[in-house]
Amino acid sequence: MVNPWDYKYPSPLVGFEDAPPLSTETNEDGKSLVNPKRDGLSQAYECFTPPLRTDRRGGFDIHIYYFQQSQEQTKYARELWERIRREFPELRVYKFWDRPIGPHPVAMFEVNVFTPAQFGAFVAWLAIWRGPLSALIHPNTDPEEGEADNEVEYRDHTERAIWMGEKLPLDWAPFRPRSK
């Protein structure tokens, strides 16, 4: 398995090395800080930050879980799946699984988003509408030089994952290093 301590994180301040010190001045509320002026918005509003994928795979996968033995959760999950397909037809929505599949410990369905705008709209909407269900939101990133696909997948599903609701234990076997 990939050890997160073996991964080297680049400084988030790359590109801002020569920026002047930040002010400690606060806004009228007395709590939030006055940020420096900037020409235009961050590029992150328009396109995903590398190494997020911008191809057919999509920048993020959202797995929405339900306990298939629960009639109430199954009913709610199916209704949510239908609503998502109607409300967000531009997103890729996968099959409604009635059992665990891959590393996922219970039944689920998956949604892919392709742009920051889709991510913001859908994740905010899902925060309200997911009801009793849990959701794993993970990025799809390109491998770095010399990095195996399974290492990238493992890191995307662990270190870079976002959970809504209860965090469920995934089966890491599909991400096990492959022998060469």
Side-chain angles (χ1 to χ4, degrees), residues 1-4 7 42-144 147-178:
M1 277 303 135
V2 177
N3 181 342
Y7 185 72
S42 167
Q43 283 288 329
Y45 284 100
E46 297 297 323
C47 57
F48 283 132
T49 303
L52 286 168
R53 295 180 68 156
T54 57
D55 60 5
R56 182 166 159 44
R57 171 94 189 262
F60 284 85
D61 292 349
I62 296 103
H63 300 275
I64 301 167
Y65 298 104
Y66 68 96
F67 291 107
Q68 65 272 12
Q69 299 90 346
S70 166
Q71 287 182 334
E72 294 82 18
Q73 279 201 14
T74 300
K75 180 180 184 300
Y76 190 87
R78 186 164 292 281
E79 289 173 358
L80 182 64
W81 176 78
E82 181 178 333
R83 171 74 184 270
I84 291 168
R85 292 184 65 204
R86 293 179 187 284
E87 181 100 9
F88 298 96
E90 67 281 3
L91 303 182
R92 183 184 304 136
V93 181
Y94 287 86
K95 178 179 175 176
F96 189 86
W97 292 98
D98 61 357
R99 64 187 184 286
I101 181 111
H104 309 288
V106 296
M108 63 97 191
F109 64 93
E110 178 180 349
V111 178
N112 297 144
V113 298
F114 302 92
T115 68
Q118 289 176 348
F119 180 90
F122 182 68
V123 171
W125 182 91
L126 188 62
I128 301 304
W129 284 100
R130 72 174 174 78
L133 311 179
S134 291
L136 164 62
I137 304 165
H138 72 80
N140 296 314
T141 61
D142 287 319
E144 295 177 8
E147 191 173 37
D149 287 343
N150 62 312
E151 293 173 332
V152 176
E153 290 281 332
Y154 180 73
R155 189 168 65 251
D156 287 350
H157 283 77
T158 57
E159 290 177 46
R160 293 177 168 161
I162 303 164
W163 282 90
M164 289 180 163
E166 294 294 317
K167 182 177 179 179
L168 302 176
L170 301 183
D171 175 7
W172 301 121
F175 306 114
R176 192 170 283 132
R178 295 168 182 83

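A centroid separation of 6.0 Å or more is found between the aromatic rings of F60 and H138. For F48 and F114, the ring centers sit 6.0 Å or farther from each other. Taking the centre of each ring, F109 and W97 stay at or above the 6.0 Å mark. The aromatic ring centres of F122 and F88 sit less than 6.0 Å apart.
Across P105 and P169, no two heavy atoms sit closer than the pair CG-O, 3.2 Å. Nearest heavy-atom pair across T141 and R53 is C-CG, 3.8 Å. Between W129 and L80, the closest heavy-atom pair is O-CD1, 3.5 Å. Nearest approach of E79 to K75, heavy atoms of both residues: OE2-NZ, 2.5 Å. The two residues Q68 and P100 have their closest heavy-atom pair at NE2-CD, 3.6 Å. For the pair G59 and L52, the tightest heavy-atom approach, listed with the atom from each and the gap, is O-CD2, 3.6 Å.
I64 CD1 to Y66 OH: the interatomic distance, rounded to the nearest 0.5 Å, is 11.5 Å. Taking OG of S134 as the reference point, atom CE of M108 lies at 13.5 Å (rounded to 0.5 Å). Rounded to the nearest 0.5 angstrom, W81 CH2 and R86 CZ are separated by 9.5 Å. Rounded to the nearest 0.5 angstrom, D149 CG and D156 CG are separated by 10.5 Å. Taking CG of D142 as the start and OG1 of T54 as the end, the distance is 7.5 Å to the nearest 0.5 Å. Atom CD1 of I84 and atom CG of L126 lie 6.0 Å apart (nearest 0.5 Å).
E147 places a side-chain N or O within 3.5 Å of a backbone atom of E144 that can act as its donor or acceptor partner. For the pair E151 (side chain) and A148 (backbone), a donor-acceptor distance under 3.5 Å is present. Judged by distance alone, with hydrogens and angles left aside, the side-chain atoms of S42 form no donor-acceptor pair with the main-chain N or O of Y45 at under 3.5 Å.
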Evaluate side-chain contact (heavy atoms from CB on, under 4.5 Å) for M164 paired with V123, printing each intermediate quantity in order. CA-CA 10 Å; M164 289 180 163; V123 171; 3.5 Å; yes

Go through the steps to decide whether L168 and V106 satisfy the test side-chain contact (heavy atoms from CB on, under 4.5 Å), and finish with yes or no. CA-CA 9 Å; L168 302 176; V106 296; 3.9 Å; yes

side-chain contact (heavy atoms from CB on, under 4.5 Å) between Y94 and V111: does it pass, once the steps are laid out? CA-CA 6 Å; Y94 287 86; V111 178; over 6 Å; no

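Taking the charged nitrogens against the carboxylate oxygens, E82 and R78 have no contact shorter than 4.0 Å, which rules out a salt bridge. The pair E166-R130 does not count as a salt bridge, with every side-chain nitrogen at least 4.0 angstrom from each carboxylate oxygen. Using a 4.0 Å cut-off between charged nitrogen and carboxylate oxygen, R92 and E110 do not count as a salt-bridge pair.
By the 4.5 Å heavy-atom criterion applied to side chains, W172 and P103 are not counted as neighbours. Within the 4.5 Å cutoff, side-chain heavy atoms of L136 are placed close to those of Y65.
By the 6.0 Å contact criterion, CD on E46 is open, its count of non-hydrogen atoms from other residues, nucleotides or ligands being 12 or less.
Looking at D61 and N140, their side chains do bring a donor and an acceptor atom within 3.5 Å of each other.
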